Amino acid sequence: MSANQAPVLNRALMPLPKAPVRIVHLGLGAFHRSHEAWYTQHAGDGAEWGIAAFTGRRPDAARALAAQDGLFTLIERSGDGDSFEVIGSITEAVDGADLGRLRELVSAPATAMVTLTITEAAYGLAPDGSFHAGAPEIAEDLAMLAHVAGTGGKPRTPLGRLVSALAGRRDAGSGPIAVVSCDNLSGNGDVARRAVTGMAEAWDSELALWIGENVSFVSTSVDRITPRTTDADIAEVEQACGYRDSTPVVAEPFRDWVISGDFPKGRPRWEDAGAVVVDDIEPYENRKLWLLNGAHSLLAYSGQLRGHTTVAQALEDPACRDAVEAFWDEAAAHLRGDDLHIPEYRDALRGRFGNGRIAHHLSQIAADGTTKLRMRALPVLAAERSEGRSGAGSALMLAAWIDFVAVHKELQDPMSDAIGTANGARGPERVASLLNLISPQLGGDPQIVALVAGLSGTFSTDTGQTSSETATLAHLIPGRNS
Ligand code: CS2
């Protein structure tokens with residue numbers, strides 16, 4: 001280190017308490033750090049709750065954090081400026097491939113929960129919403145679990161690793177534990193239960209019984225926009241804070257966490273930091289998944305088709321913005337409840353999405369479309385049609401995805417091979433095959449296929465003009481027609 005170089009962030013420099021590990025987290029990424037790690041640090045009893053966070057496919061994030069004693073800087077980025085806070089609640093950052101450490105920690109009696117941000121796609125959901133034990137990576141893990149005695153070897157999927165670690169807890173006699181999903185899935189606790197139990201059943205039916213009696217699956221609705229960190233962010237921290245942090249996280253000031261379920265071994269007092277505990281999570285979950293995440297997906301596909309890069313840029317384009325408002329109108333008709341404050345929520349979203357200082361890349365949101373659209377577009381479309389309306393606002397999200405996958409061949413999606421095959425067909429047949437990958441409920445309904453096919457091309461900029469379908473959309477939005 002040269003005499004002038006700033007020191008690396010560490011606990012001697014920043015004496016934050018190092019709490020004992022009581023939370024194991026799978027999916028050490030930026031969102032976990034801007035959300036759960038922040039809430040845990042700000043819980044009144046946060047000093048008693050340390051998090052051991054494991055990476056997924058790549059060890060890089062664990063290595064970078066471990067080199068800083070788990071510490072990192074949260075850059076809170078508002079429309080007016082940035083503020084900086086060092087977060088110390090992650091006390092151990094571990095390579096996800098370290099199954100030995102995972103089993104040891106999950107088996108420890110002091111560990112109260114395993115929290116998850118493993119992505120929607122990692123729950124192995126089939127298009128009909130059931131657990132798909134035949135999904136390629138899950139099937140590989142199941143084969144490995146079945147053929148390696150004892151703990152089942154070295155599974156590679158988060159589900160395989162979790163099930164193997166839960167077997168360790170059973171064998172250690174450490175008693176009940178909570179599994180807390182923090183992924184954007186409706187009924188994420190139930191989805192996690194189906195996935196974990198489904199995986200255990202296919203391996204060791206007694207383990208599945210033990211899980212049924214000892215594991216509480218908690219549902220949560222999580223929210224904080226967290227774009228990817230850039231080199232400029234890293235340089236900014238060094239300049240503003242006087243230390244080097246190779247892995248800061250950027251997030252908007254807004255955050256929200258709604259939680260529902262039992263924690264048999266306790267939990268931090270996250271409500272001190274603003275988390276809300278409810279009996280019925282569904283209305284909150286739908287509000288967030290449909291209005292925020294649904295609009296995100298719509299902007300991700302429509303915006304990129306129209307040449308935009310970030311959420312804020314896409315929102316400035318009337319074609320994209322009007323599509324979002326039309327979709328919101330449809331979704332709002334199915335969000336009932338005095339506590340939901342939909343007009344205020346929509347208004348806040350306009351401000352959050354419009355925060356041009358947050359470079360939230362549309363390409364980041366566009367990944368895993370088949371899984372995301374099943375949660376974000378399908379429920380609103382189905383609800384609209386069951387009330388006798390067309391659902392064109394939701395169908396447009398699907399049409400934008402269908403146009404997007406025609407031109408963006410490098411897709412990150414659990415069904416990317418099947419998308420490639422479906423793309424080989426033409427016209428309504430192609431639309432039906434692609435919709436089938438999201439749900440047979442869509443691809444099997446000729447009226448929906450015709451509706452989506454008719455909206456295809458809406459965001460095309462080939463001619464440099466909005467297409468006739470955009471004009472069709474415009475009169476779906478009262479008072480917004482030019
Ligand atoms: C986004 C979410 O990438 C996506 O699919 O919609 O990550 C979104 O930014 C978060 O859910 C915000 O809380």
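Order of appearance sets the numbers: ligands from 1, and atoms from 1 within every ligand. Only a predicted model underlies this, so the values are computations on that prediction, with no experimental measurement involved.
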query = Atoms of ligand 1 less than 4.0 Å from Arg376 heavy atoms?
reply =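 Numbered from 1, ligand 1 contributes 4 (C), 5 (O), 6 (O).
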task = Number the atoms of ligand 1 from 1 as they appear, then name those within less than 4.0 Å of a heavy atom of Asp223, with their elements.
result =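 Checking each atom against Asp223, I get 12 (C), 13 (O).
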request  = Applying side-chain hydrogen bond (donor to acceptor under 3.5 Å, both in side chains) between Glu120 and each of Lys372, Arg374, Arg376, report the one that passes.
outcome  =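 Looking at Lys372, Arg374, Arg376, the match for Glu120 under the side-chain hydrogen bond (donor to acceptor under 3.5 Å, both in side chains) is Arg376.
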ask   = What residue and atom, counting heavy atoms only, is the protein's closest point to atom 4 (C) of ligand 1, and at what distance?
value =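 It is Lys372 NZ, 3.6 Å.
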request  = Tell me, please: is His360 in heavy-atom contact with ligand 1, that is, under 4.0 Å?
outcome  =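 The answer is yes, since His360 has a heavy atom less than 4.0 Å from ligand 1.
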request  = Using non-hydrogen atoms of the residue, decide whether Lys288 is closer than 4.0 angstrom to ligand 1.
outcome  =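 It does, in that a heavy atom of Lys288 comes within the 4.0 Å cut-off of ligand 1.
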request  = Using modelled atom types only, decide if a donor and an acceptor are shared between the side chain of Asp183 and the backbone of Ile118 within a distance under 3.5 Å.
outcome  =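 Yes; at least one donor-acceptor contact below 3.5 Å.
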query = Quick one: do Arg357 and Asp80 make a salt bridge, cutoff under 4.0 Å?
reply =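 Here Arg357 does not pair with Asp80 in a salt bridge, since their nearest N and O are not under 4.0 Å apart.
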query = How about Tyr345 and His341: are their ring centroids closer than 6.0 Å?
reply =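 Between His341 and Tyr345, which both carry aromatic rings, the centre distance is not below 6.0 Å.
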ask   = Is the ring centre of His360 less than 6.0 Å from the ring centre of Phe353?
value =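 Centroid separation for His360 and Phe353: 6.0 Å or greater.
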ask   = Evaluating non-hydrogen atoms only, which member of His296, Arg224, Gln364, Met375 is closest to atom 6 (O) of ligand 1?
value =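 Heavy atom nearest to atom 6 (O) of ligand 1 belongs to His296.
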message = For atom 8 (C) of ligand 1, tell me which residue out of Asp368, Leu289, Val311, Asn293 has the closest non-hydrogen atom.
response =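 Result: the heavy atom closest to atom 8 (C) of ligand 1 is in Asn293.
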ask   = Hey, are the side chains of Phe217 and Asn188 touching, using non-hydrogen atoms and a 4.5 Å cut-off?
value =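 Phe217 does not reach Asn188 side chain to side chain.
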task = Measure Asn184 to ligand 1 on non-hydrogen atoms and call it side chain, backbone, both or neither using the 4.0 Å cut-off.
result =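 The answer is the side chain.
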